[in-house]
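See below for the structure under consideration.
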Amino acid sequence: MKKRRWQLLQVESAIACNLRCVMCPWPEYAKRAKNRGIMSPDIWNAIRPHLPQVHSVDFTGGGEPLLQPYLLDWIREAHAAGCETGILTNGLLLTESKAAKMIEAGIDWVCVSMDGATEELYAQIRIGSNFGRVVENVDNLSRLRVGKIPKLMINFVLMTINFHQVEEIVHLASRLGVDQVNFKQCEVIRGERGKGFGLFAGQETREIRKLKKSLVKARRLARKMGIQTTAFSFTPEQQPVCDQDPRSSLFIGYDGVVAPCINLALGGPTIFLGREASLPTVHYGHLPADDLLELWDSETSRHYRERFQNRIQAHDGKIIDGLIGTSASDRLKALKQAKEAMPPAPKGCDVCHYLYDI
């Protein structure tokens, strides 16, 4: 298959949400949102012609994608263009009928946010939801799918209030036929929203070592049960580029704003590794007024792509040089030199936890 221009388009089908989760950073943005925080069809119409150049479309942003009335049509159109498609949902609106229609539309993956494995704890975190209904909805989707399509995942955001349930969520996932559990840090903060929930720190502490040990145990349990897991670091380890990788991806907000990622689309005051910081707002342009290809070739877009490409080349070059060394100290020296060789991260990315694998 010929390589497509974009590895990922993150299309924020809605910033509106039907829940009030305690750690969510986006409620203030959603309150001010135009069109009730729902992406309008004219924005999708500006994206549609480019779908043959897109490998994957994630219809999730800061809100609940199942509030988007055209979501099934958009999934179907992206699937017909050969795109992988998926959503991250709180699962409350994922009825049996909706699940069947999404499967028919060709969705490839569904990830459900569940930050508690019991009704009591879940209700403390996901305010406005219904644990029993979400469990039933996940179970129905697992039963309705053909084989392992769509891939079914659970997102579990690690916080002090729920960390003791890391093994229980694995057991729940197993009972529901879930394929993967993603253990995420509570790393996105805007003002006071999301502040104080994170379990990571600038340096490893005794408490972090204890948390790491417990998480390793939970992931080992998942492996025995045939469940995949993913997890982020508890301490910073700067990467050449984050997983979002602006070299081959774009974020498109519910209002048509085109940006490197959701964090830079919605900048503002934040906390970075325990200290106050500010994330700039970085926009390439706006759909449908601008053409997506022209925005991709804009000066700002090229700056982010080129800077990350330069960081990767500098980093990998030092790593390759280090492979020539035969001792462990040579390899450690090469790793240190690789970090030092990288040009500075673009503005905003330098105070984003994702670049540090958190």
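Just the heavy atoms: all of them, side chains too, but no hydrogens, waters or symmetry mates, feed the values below. The model shown is predicted, which means the values in this text are computed figures rather than measured ones.
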Run through the side-chain heavy atoms of Ile, Leu, Val, Met, Phe, Trp and Tyr, join any pair under 4.5 Å, and report what else lands in W109's cluster.
M153
Tell me the closest heavy-atom pair linking C17 and G63, and the distance in Å.
CB-CA, 4.4 Å
Identify whether the distance between the nearest side-chain nitrogen and carboxylate oxygen of R302 and E299 falls below 4.0 Å.
no
For I127, give me all partners under side chain to side chain contact (heavy atoms under 4.5 Å, CB included), at least two apart in sequence or on another chain.
R20, V22
What residues form a ring pair (Phe, Tyr, Trp, His ring centres under 6.0 Å) with Y122, not counting sequence neighbours?
F131
Quick one: list whatever passes side chain to side chain contact (heavy atoms under 4.5 Å, CB included) with P346, sequence neighbours left out.
H303, Y304, R307, F308, C349
Using the ring pair (Phe, Tyr, Trp, His ring centres under 6.0 Å) criterion, which residues pair with F200? Sequence neighbours excluded.
H353
Quick one: do the Q7 and S56 side chains pair a donor with an acceptor below 3.5 Å?
no
Donor-acceptor list for residues 156-165 side chains, cut-off 3.5 Å, not counting sequence neighbours:
{"residue": "N162", "atom": "OD1", "partner": "M159", "partner atom": "N", "Å": "2.8"}
{"residue": "N162", "atom": "ND2", "partner": "D115", "partner atom": "O", "Å": "2.8"}
{"residue": "N162", "atom": "ND2", "partner": "V157", "partner atom": "O", "Å": "2.8"}
{"residue": "Q165", "atom": "OE1", "partner": "A117", "partner atom": "N", "Å": "2.6"}
{"residue": "Q165", "atom": "NE2", "partner": "T118", "partner atom": "OG1", "Å": "3.0"}

Return yes if a side-chain donor-acceptor contact under 3.5 Å exists between Q53 and R4, otherwise no.
no
Least distance between heavy atoms, D357 atom then Q239 atom
CB-NE2, 3.8 Å
For Q228 and K151, does a side-chain donor sit closer than 3.5 Å to a side-chain acceptor?
yes
List the atom of G106, the atom of I75, and the distance in Å for their closest heavy-atom pair.
C-CG2, 4.4 Å
Could you check whether any side-chain heavy atom of E104 comes within less than 4.5 Å of a side-chain heavy atom of R76, counting everything from C-beta outward?
yes
Testing the 3.5 Å rule here: is there a donor-acceptor pair between the side chains of S301 and R305?
yes
